[in-house]
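Convention: sequence-line order gives letters A, B, ...; per-chain numbering from 1. The shown structure was predicted, so the numbers you read here are calculated from the model rather than taken from an experiment.
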Amino acid sequence: MSTPTSMAPAYSAAEAGNPTEVARRLASRGVVLEPDEVTLLIELLGRPPGWAEAVLFGILWSEHCSYKSTRHLLQRLPTRAPHVLLGPGEDAGVVALPAPCEDLALVLAHESHNHPSQLLPIEGAATGVGGIVRDVGCMGAEVVGVLDALRFGHPVEGGAPVRDIVRGVVRGIADYGNALGVPNLGGDVYFDRQFDANCLVNVMSVGLVPRDGILRSRVPAGDGPWVFVLVGKPTDESGFGGAAFASGELGESDRRGAVQIPDPFLKRVLHVANGEMFRRLRERGLEAGFKDLGAGGVACATSELAAAGERGAEIELDRLHRVPKDLPAEVLLCAETQERYCWVLPESFAVEACDIYNRLYALGDVFPGAAARIIGRATDERRYRVQWQGEPIVDCPVEAITAGRRVHRASRRRPPPAPLGPVAETPDLHGSLLALLRGVGSCSREYLFRHYDSEVQGRTWLRPGEADATVIRAHPDRPLGVAFAVGGNPHWCGGDPELGARHAVAEAARNVACVGARPWALTDCLNFGHPEEPTVMGDLAATLEGLAVAAEALGGLASRGHPLPFVSGNVSLYNQTGSRAVPASPIVLCAGVVADLTTVVAQSVRRAGDFIVLVGEPRDQLTGSAFAREILRRHAGSPPGLDLAREAALQELAVAAAEGCWVVAAHDVSDGGLAVTLAEMVMACPAESALGVEVDLGVLETESALALFSERPAIVFEVPPERAPIFFQNARERSLLAWPLGAVTARPLVRLMLPDGEAVSWSVEELRAAAASPLKALWNEEGA
Amino acid sequence: MSVARVGVVQFPGVNCEAESVRALGRAGLEAEIFRWTRRAAELRDFQAYVLPGGFSYQDRVRAGALAAKDPLVDVLAGEAERGKPVLGICNGAQVLVEAGLVPDSGRVELALARNRMPDRDGYYARWIYVRIEPSGSLFTRGLTPGDVLPLPVAHGEGRFTSATAGRMASLLATGQIPLRYCSAHGEVESGFPVNPNGAEQAAAAVSNARGNVLALMPHPERAQDLGALARCVAGPWDERRAQAIARRDVDARGPGLALFDALSRHLKES
């Protein structure tokens, strides 16, 4: 196998008689084709593939790009609702917004960058953000936020490598997002030993686009003639093989070269120039196609643009702007050089478009060699062709590109664990809450998110740490807000994937409802181990069932009788080292809509004398709780149950209460139970306000530990006394259990009256000190 | 009289230009983004300038160092000399300091050094309070010394300092530190977190002697909506926010607009 630059076949028809051997030889050169794909490719092309073709199809058929193990399962997710403009299928999903923003649409995208972040945390996380904002940008949208859901190993038990990854990932996200000028709108973070060798870095991005400015990733239907214009960084060899990297296990060889190189500075200028393009296209009423370059680089972007438009394409690789370096054709074609987009434009507009990038925004001065160049044209013949130095190096029917792959995997469901049995111990309540807050599971996240700019663009109304969801203003002259929150408790999903997945959707939607926003749309990323393992596939099937069932039950606040639609998503497999797979980890983003920003509800208590009211399910189980795991040091058992009808009613009450101004604070009960929820509501107050809460646990008619640490779904509301009658009446009408627990006090204490007449209390100061300590320690070790 | 036009100078890597234009608009001014590839001389057509925040030229060498050498800044310096107002916010402030426009001796006297914070390092983002000090700055004209404004900061290099001992103290004495970090109730404190970066004299902004050029580290353009005030803000501003919310006034004016309003008043008077 000599260095190929032409149609010289990657393997002969005769060699393909032993496909396993061919696959092995290809793999040693970084081309990943499964043995049956070695023969399939010959069938599709009618001849043995050239090198560039072998590389291209290796990427197209990678798990990362093809979803070949999961596509059939993903069909279970509900994706339709009246407000969905574009469901899963392109780089991002698009949903309509209600009046007074009916001329705007919300764009949502969600991806993982797990493997790169484990290997090179700063660059891996940064390119994760860089990639996801392109997915939103290529829909014609302005990128208005990023979120991140992080699953790290245990920073103490997992040792220094885990701590390096935590700090590196946070730095990568901060460095990229802050410089790009996109606000960080929160997310979540969990720490657990099961992620020691495989961290998860899920990134989400959100955008706003005029309804009549939504761009599609395809050659438009009109006559054209259409040309392909590549914009951005000059192509180099960075990230070559990234898709294959993401579709295999970490470990054997050094794959750091497959991690891309981020440049938020160039991206910022590119986005400003894209904005000028969007304006001119709308002004002139011109059609265009637009796509970001991700996995598979130029090859995947151009072939998919052509295939989606049911056209062919001819790409002249010699016209590509590239680094001054001899690179093989297949590298130029498939490298994952960052900060690039591809346009499909009417030929008559292409020169003007290049001028916007090259002269008006002088990309070449911003980054040496960055530019916009015409690299090819769309054809009516349905073939995808690439020319290099006068020779064809790819020539295949477009159908071959879109053919897709399906791999049948064995699947085995496993029985869920039993719930945690009765607990005999009577723990020290005072010490237990402080211990929970001093642990990385329930400690304050403030130290972490102070690395992120959450204010740039000037739209932010509720920030990370202020409320259960973050909220931005959709338009500077209109009152509509958009809220974002994520869910996905890895302890629960790992224990019982189906029930855990239901909780993930319910929690994300509940968080959005807590601020008073109507849950509007979902995205998901499914982070799992090897698809070859039957239990992994069984967990995946169970997870999708759980996600679907919950989404079907919780769509009523957006559109009665419809599910809460999944509009975009991603699957990340091979999050496994040896026999240790990460726990089943679906991560769900919920976007919500609040009609009037003046009704949004934060989590800090506001006024002494207001009632503290708990609404939700009975406090009768500790199963699945952080208390069981971290204080009792037990196997925590199954997740708590979830009654989806009651959950829908609870979310409806939260939204009605916000819209009616019956509540002034709301915070859901999650990790750490009611105790942590109350502590967080008090700690979120400005220090100067010196407020506290006093509650009577006797009201809950259960043991104190259960009352305080059960994680059954619930929301704690602060209700002004004059609003209490209407609030309780509305809870009753929805058959919800609402317990008046106590009141906000003018003393900075959390004070609990126990059923036996005793009292236990914590000063806000000691709670704050406990909650601040873990992350401060993580960032301040010797030599860090 | 026609509305004054403000040029919002866009160097590559700047990322707060849109909200800066919006804030100027809410103060009754016409604002326009001035792209770095335009002819520098066209900058003279504007009556005032804002250098917005971001990462101009990727913070290469030092934040603001490269933009300070940009031909646009030569034109700006000439216009500032003629008395036109120039406001540099965050990265814009770093540019003004690196260009020697602030204080204004024509040489680089100050630095915006790396934040100095206990237990942490680098970029830091949160809301702080600043107190209006007696000064000749036109950007605080009409505001009462002692008034407190809550504003967000977001930077890694925001510590005003000077190699010349006593220089910052003398700037305070000459009324060239119009905004200082303070508590919710207006007490100036030098310690973290009230002073988020360790700036000498708790300086949040430094003016030239004439008062028409201001290097400002906090981001007033991000505090345009009163209802969007951070929930950690306490005191009178929190009460104002609560009142606006009770009125369902989503457009109530936030604390950051005070500085743009002062600029607007100045331009209307002159």
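For the options A:Pro479, A:Gly458, A:Ala179, A:Gly181, heavy-atom pairs under 4.5 Å to chain B are most numerous at A:Ala179. No other option in A:Val269, A:Thr460, A:Asn178 has as many heavy-atom pairs under 4.5 Å with chain B as A:Asn178. Counting heavy-atom pairs closer than 4.5 Å to chain B, the top residue among A:Val664, A:Val471, A:Asp453, A:Val182 is A:Asp453. Between chain A and the options B:Asp59, B:Val14, B:Asp121, the largest number of non-hydrogen pairs under 4.5 Å is found for B:Val14. Counting heavy-atom pairs under 4.5 Å between each of B:Gly227, B:Ala154, B:Ala18, B:Cys232 and chain A puts B:Gly227 at the top.
Here the CZ-CD distance, from B:Arg126 to A:Glu446, works out to 7.0 Å after rounding to the nearest 0.5 Å.
Contact of the B:Gln10 side chain with the A:Tyr361 side chain is registered, since non-hydrogen atoms from C-beta on lie closer than 4.5 Å. Within the 4.5 Å cutoff, the side chain of B:Asp249 has no heavy atoms near those of the A:Thr598 side chain. For the pair B:Val233/A:Pro686, no side-chain contact is recorded, criterion being any heavy-atom separation below 4.5 Å from C-beta on. In this structure the side chain of A:Val366 reaches within 4.5 angstrom of the side chain of B:Trp36, judged on heavy atoms.
For B:Arg120, the CZ atom sits in a packed shell: over 12 heavy atoms of surrounding residues, nucleotides or ligands are nearer than 6.0 Å.
Under a 4.0 Å N-O distance rule, the pair A:Arg606/B:Asp238 qualifies as a salt bridge. For the pair B:Asp251 and A:Arg473, the salt-bridge criterion is met [side-chain N within less than 4.0 Å of a carboxylate O].
Judged as a salt bridge (Lys or Arg N to Asp or Glu O under 4.0 Å), the pairs with a partner in residues 9-25 of chain B (not counting sequence neighbours) are, in order, A:Arg268-B:Glu17.
Here the shortest heavy-atom pairing between A:Leu360 and B:Thr37 reads O-OG1, 2.6 Å. The two residues A:His451 and B:Tyr123 come nearest to each other via the heavy atoms O-CD2, 3.3 Å.
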**OP:** Take A:Gln457 and B:Arg222, measure what side-chain contact (heavy atoms from CB on, under 4.5 Å) needs, and give me the verdict at the end.
**Re:** CA-CA 7 Å; A:Gln457 300 187 5; B:Arg222 299 180 181 182; over 6 Å; no
